[in-house]
Amino acid sequence: QVQLVESGGGLVQAGGSLRLSCAASRISFSSYTMGWFRQAPGKEREFVAGINQSGGSTDYADSLRGRFTISRDNAKKTVSLQMNSLKPEDTAVYYCAARLYMITTTDDYKYWGQGTQVTVSS
């Protein structure tokens with residue numbers, strides 16, 4: 001079955017950076033829009049960023065635009081999320097997800113990874 005495996009999470013001090021990666025397998029990766037979501041303790045899962053099949057179109061949560069950058073490598077079947085100037089409120093489990101259609105900020109994605117924990121200390 002389709003697998004999405006996130007990596008790169010960890011503990012970082014406020015102001016630091018992390019780069020998350022998501023490796024896809026058993027999927028026609030270049031046919032899928034990819035998204036990153038996050039869920040903090042006690043909060044609903046929220047959209048972080050999305051990238052279309054070719055990588056030519058991206059979208060971000062308004063509050064994260066300018067600090068986070070999504071990218072993809074279709075040859076390697078990976079999608080990445082570069083996170084800079086991290087804040088304690090960025091602490092959450094980060095998930096990658098895949099869908100066949102255009103980017104959406106809703107959680108209407110077909111496939112989901114298991115998530116990777118990001119903790120930002122103050």
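Here, residue 1 is the first one in the sequence, and each next residue gets the next number.
The two atoms that bring A49 and L81 nearest to each other are CB-CD1, 4.1 Å, heavy atoms only. Between L11 and S121, the shortest heavy-atom contact is CD1-CB, 4.3 Å. The minimum heavy-atom distance between A14 and S122, with the atom names listed, is CB-CA, 4.3 Å. Between S54 and N74, the closest heavy-atom pair is CA-ND2, 4.4 Å.
Considering only heavy atoms from C-beta on, I27 stays 4.5 Å or farther from K110 through its side chain. With a 4.5 Å cut-off on side-chain heavy atoms, T69 and Y60 count as touching. You'll find the side chain of M83 reaches within 4.5 Å of the side chain of L20, heavy atoms only. Side-chain atoms of D90 and R67, non-hydrogen and from C-beta on, do get closer than 4.5 Å to each other. In this structure, the side chains of S30 and Q53 stay at 4.5 Å or more apart for every pair of heavy atoms. In this structure, the side chains of Q82 and S71 stay at 4.5 Å or more apart for every pair of heavy atoms.
More than 12 heavy atoms of other shown residues, nucleotides or ligands fall within 6.0 angstrom of atom CD in Q117.
Between the OG1 atom of T78 and the CG atom of D73 there is a distance of 4.5 Å, given to the nearest 0.5 Å. Annotation: the span from K77 atom NZ to Q3 atom CD amounts to 12.0 Å, rounded to 0.5 Å. Note: W36 CH2 to S80 OG = 7.0 Å, rounded to the nearest 0.5 Å. Between the CZ atom in R45 and the OG1 atom in T106 there is a gap of 10.0 Å [rounded to 0.5 Å]. Atoms CD and CG, from E46 and L64 in turn, are 6.5 Å apart once rounded to the nearest 0.5 Å. To the nearest 0.5 Å, atom CG of residue D107 and atom CZ of residue R99 are 10.0 Å apart.
Each of T104, L100, L4 was evaluated against Y109; a single residue qualifies, T104, per the side chain to side chain contact (heavy atoms under 4.5 Å, CB included) test. Each of Y94, W112, Y95 was scored for a ring-ring contact (aromatic ring centres under 6.0 Å, His included) with F37, with one residue passing: W112.
Looking at T91, its side chain does come within 3.5 Å of a backbone N or O of V120 through a donor-acceptor pair. Between the side chain of E6 and the main chain of C22, no donor-acceptor pair closer than 3.5 Å is present. A donor-acceptor contact shorter than 3.5 Å links the side chain of T33 to the backbone of Y101.
In terms of hydrophobic clustering, with Ile, Leu, Val, Met, Phe, Trp and Tyr side chains grouped at heavy-atom distances under 4.5 Å, F47 and V118 are assigned to different clusters. I103 and F68 are assigned to two separate hydrophobic clusters, defined by single-linkage of ILVMFWY side chains at heavy-atom distances under 4.5 Å. Both F29 and Y111 are part of a single hydrophobic cluster, where members link through side-chain heavy atoms under 4.5 Å apart. A single hydrophobic cluster is not seen to contain both V79 and V93; linkage of ILVMFWY side chains at heavy-atom distances under 4.5 Å, directly or through other members, places them apart.
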**OP:** Test side-chain contact (heavy atoms from CB on, under 4.5 Å) on D59 and R65 and set out the steps.
**Re:** CA-CA 8 Å; D59 194 13; R65 200 179 301 272; 3.5 Å; yes
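In summary, the side chains of Q1 and R26 do not present any donor paired with an acceptor at a separation below 3.5 Å, with no hydrogens or angles considered.
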